[in-house]
Amino acid sequence: MTARVLTRVAALLVLAVVVGYWVVATGLHSERVASLDLSSLTGDTREGEYVAHTAGCVACHTDASNGGSFLAGGVAFNTPFGTLYSPNITSDSRTGIGDWSLTEFATAMLAGVSPEGEHYYPAFPYTSYSVMSDQELVDLKAWLDTVEPVSQVTPRHDLVWPLSNRSSMLGWKALFFDPDREIQTTDRGGYLVNGPGHCAECHASRNRLGGVADRALVGNLRGPDGQSVPGITASDLRNWTQEDMELFLEVGILPDGDFSGGHMTDVIEYSTGLLTLEDRQAIARYLLSGANGS
Ligand code: HEC
Ligand code: HEC
C-alpha cells in the first residue's frame, strides 16, 4: 500500500468517526424511501428490461469476460481501497435477490441500503439511481423476477480496513450522497444522463475521498481502474455534431473514425447502444446544449 492510500484511509477513518456521530445524531434520512408506497403500481417486464438498458445493470452484474452467467455477478472492481465484486442479482432465492420484496429492492436502489439495513458501497451507483421513478423501479423488479435463477455465491469484497466495515459508508454517504436529490425530468436526455445513465459516476471529477461534489461532466484523471476519463461538457465536445454523438452512442465510433475504448465500450454495448434512436438523440442534444457544464 502506498503512503498516499494510507493517508486517504486515515483521513477517511477520522471523517467516518466525526461524521458518524453527526449521522447518529441527525439520522441519514430519505424522505422518499420513508414514504414509499409501490403497492398500487404494476410492473411491465418489457419496460423493465428497457430501464435496465438505460441504467447499464447488465454490464456490471454479468462477468461476461470470464464466461459468467447473466446477472449472476462476480465482476471485480479494482479501487485504490481494494477489490469489490458485484453480487448475483438473478432471481435465485438463496444466492440472488429472488426473495426480496419490491420495497427492499427499491430501498437498495434509492438509498443504497440492503434488506439487512447495511450500507452499500458507491461502486453500485445508487448515487445516480436515487432519482429513478417509482414506475421504473417496479418495472425493473418485474423484469429481474423473470431472469433465470443462477445459484452462485458472490465473492467477499477484499477492502482495506476501515472501509471493509460497511458502517464506514455511513460517513461517506452523509458527506457525498443526497438521497433526495432532485433533477429536471422534463428533459429526457438530461434525465438519462444524470439519472439512470449514471454518466457522472465516471465523467465527473471525484475528490480524494471518492465523492462527486459537482456532477458537471468535466472528466476524471483517475477514473475506474485508474484510467483517465475525458470531459464531455459542451466545450469538450465543440467539434462534435449531433449526428456524430448519436452514432457514437450507438456504436462507439469517434468523429475522427477511431473507436472508443476502455469502460466506454461496455456503456455502449450494454446501455446506450440498446436505446431507442429518440433516447440517443435526446442524450446527444442534452450533452451538446451545454446544460451540464459548458
Ligand atoms: C458500475 C457497476 C454497477 C452498475 C451499473 C449496477 N450495479 Fe448493482 N451493484 C454493483 C456493486 C459493485 C454492488 C455491490 C455493492 C456492495 O456490496 O456494497 C451492487 C449491488 C447491487 C444490489 C444489492 C444486491 C445484494 O445482494 O445485496 C442490487 C439489488 C443491484 N446492485 C442491482 C442493480 C441494478 C438493478 C442495476 C441497474 C439499474 C445495477 N445494480 C447497476 C455494481 C453495479
Ligand atoms: C464506467 C465508466 C463510464 C461511464 C458510466 C460512462 N462513460 Fe463515457 N467514457 C468512459 C471512458 C473511460 C471514456 C474514454 C474511452 C477511451 O479512452 O477510448 C469515455 C468516453 C466517452 C465519450 C467520448 C469522449 C471523447 O472525447 O473521446 C463520450 C461522448 C462519452 N463517453 C459519453 C458518455 C455518456 C453520455 C455516458 C452516460 C450515458 C457515459 N459516457 C458513461 C467511461 C464511462
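Indexing begins at 1, ligand by ligand and atom by atom, following the structure's order. Treat the numbers as computed from the prediction; the structure is a model and nothing was measured. FYI, side chains are in, hydrogens and waters are out, and symmetry mates aren't considered; it's all heavy atoms of this structure. Along the sequence shown, the residues carry numbers beginning at 1.
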(request) Any atoms of ligand 1 less than 4.0 Å from a non-hydrogen atom of Gly56? List them with their elements. (result) 5 (C)
(request) Would you give the length of the straight line joining atom CE of Met264 to atom CG of Leu249, rounded to the nearest 0.5 angstrom? (result) 6.0 Å
(request) Between Val58, Asp266, Ile89, flag the one that comes closest to atom 32 (C) of ligand 1 by a heavy atom. (result) Ile89
(request) State whether Met264 contributes an N/O/S atom found under 2.8 Å from atom 8 (Fe) of ligand 2. (result) yes
(message) Yes or no: does Glu118 have any heavy atom under 4.0 Å from an atom of ligand 1?
(response) no
(request) Measure the acute angle between the ring planes of Phe70 and Trp143, then classify it against the limits of 30° and 60° as parallel, tilted or perpendicular. (result) perpendicular
(request) For atom 27 (O) of ligand 2, grab the closest protein heavy atom and report residue, atom and distance to one decimal in Å. (result) Leu254 CD2, 3.4 Å
(message) Measuring from non-hydrogen atoms of Leu140 to any atom of ligand 1, is the shortest distance under 4.0 Å?
(response) yes
(request) List the closest protein heavy-atom neighbour of atom 36 (C) of ligand 2: residue, atom name, distance to the nearest 0.1 Å. (result) Cys199 SG, 2.8 Å
(request) Enumerate the atoms of ligand 1 whose separation from the nearest heavy atom of Tyr121 is less than 4.0 angstrom. (result) 16 (C), 18 (O)
(message) Measuring from non-hydrogen atoms of Ser260 to any atom of ligand 2, is the shortest distance under 4.0 Å?
(response) yes
(message) Tell me whether ligand 2 is touched by Val193 - counting only heavy atoms on the residue side and a distance under 4.0 Å.
(response) no
(request) Mark up the atoms of ligand 2 that fall under 4.0 Å of a heavy atom belonging to Leu287, in ascending order. (result) 35 (C)
(message) List ligand 1 atoms under 4.0 Å from Ala55, heavy atoms only on the residue side.
(response) 5 (C), 37 (C), 38 (C)
(request) Would you mind running through ligand 2 and noting each atom that sits below 4.0 Å from a heavy atom of Gly197? (result) 37 (C), 38 (C)
(message) If hydrophobic residues (ILVMFWY) are linked whenever their side-chain heavy atoms come closer than 4.5 Å, directly or via other members, who joins Leu221 in its cluster?
(response) none
(message) Arg188: which residues meet the side chain to side chain donor-acceptor pair (under 3.5 Å) condition with it, sequence neighbours left out?
(response) Asp279
(message) How far is atom 23 (C) of ligand 2 from the closest protein heavy atom, and which atom is that?
(response) Phe248 CZ, 3.5 Å
(message) Starting from Leu274, can I reach Met245 by hopping between I/L/V/M/F/W/Y residues whose side chains sit under 4.5 Å apart?
(response) no
(message) Which option wins on minimum heavy-atom distance to atom 21 (C) of ligand 1: Phe124, Tyr270, Tyr126?
(response) Phe124
(message) Against ligand 2, does Gln227 come closer than 4.0 Å with any heavy atom?
(response) no
(request) Give a yes/no on ligand 1: does Arg166 have at least one heavy atom closer than 4.0 angstrom to it? (result) yes
(message) Is there a polar contact, in the sense of an N or O pair closer than 3.5 Å, between Tyr120 and ligand 1?
(response) yes
(message) Please identify which of these residues, Ser35, Ser39, Ser40, meets the side-chain hydrogen bond (donor to acceptor under 3.5 Å, both in side chains) condition with Asp37.
(response) Ser39
(message) As a check for students: among Met245, His263, His203, identify the option with a heavy atom nearest to atom 39 (C) of ligand 2.
(response) His203
(message) Heavy atoms only: which of Ser271, Pro230, Cys60, Cys202 lies closest to atom 4 (C) of ligand 2?
(response) Cys202
(message) Nearest N/O/S atom of His61 with respect to atom 8 (Fe) of ligand 1, by atom name, please.
(response) NE2
(request) Output yes when a side-chain donor or acceptor of Arg32 lies under 3.5 Å from a complementary backbone atom of Asp180, and no otherwise. (result) no
(message) Quick check on Pro125 - does any of its heavy atoms sit under 4.0 Å from an atom of ligand 1?
(response) yes
(message) Return the closest protein heavy atom for atom 18 (O) of ligand 2 as residue, atom name and distance.
(response) Gly261 N, 2.6 Å
(request) With heavy atoms of Ala123 as the reference, note each atom of ligand 1 found under 4.0 Å away. (result) 1 (C), 2 (C), 3 (C), 12 (C), 42 (C), 43 (C)
(request) Using only heavy-atom distances, determine whether the side chains of Tyr286 and Asn194 contain a donor-acceptor pair under 3.5 Å. (result) yes
(request) Around atom 25 (C) of ligand 2, find the nearest protein heavy atom and jot down its residue, atom name and distance. (result) Trp240 CZ2, 3.8 Å
(message) Show me which atoms of ligand 1 lie under 4.0 Å from any heavy atom of His157.
(response) 16 (C), 17 (O)
(request) Keeping the roles fixed (side chain from His61, backbone from Asn88), state whether a donor-acceptor pair exists under 3.5 Å. (result) no
(request) Heavy-atom contacts with His198 under 4.0 Å: which atoms of ligand 1 show up? List them by number with element. (result) 5 (C)
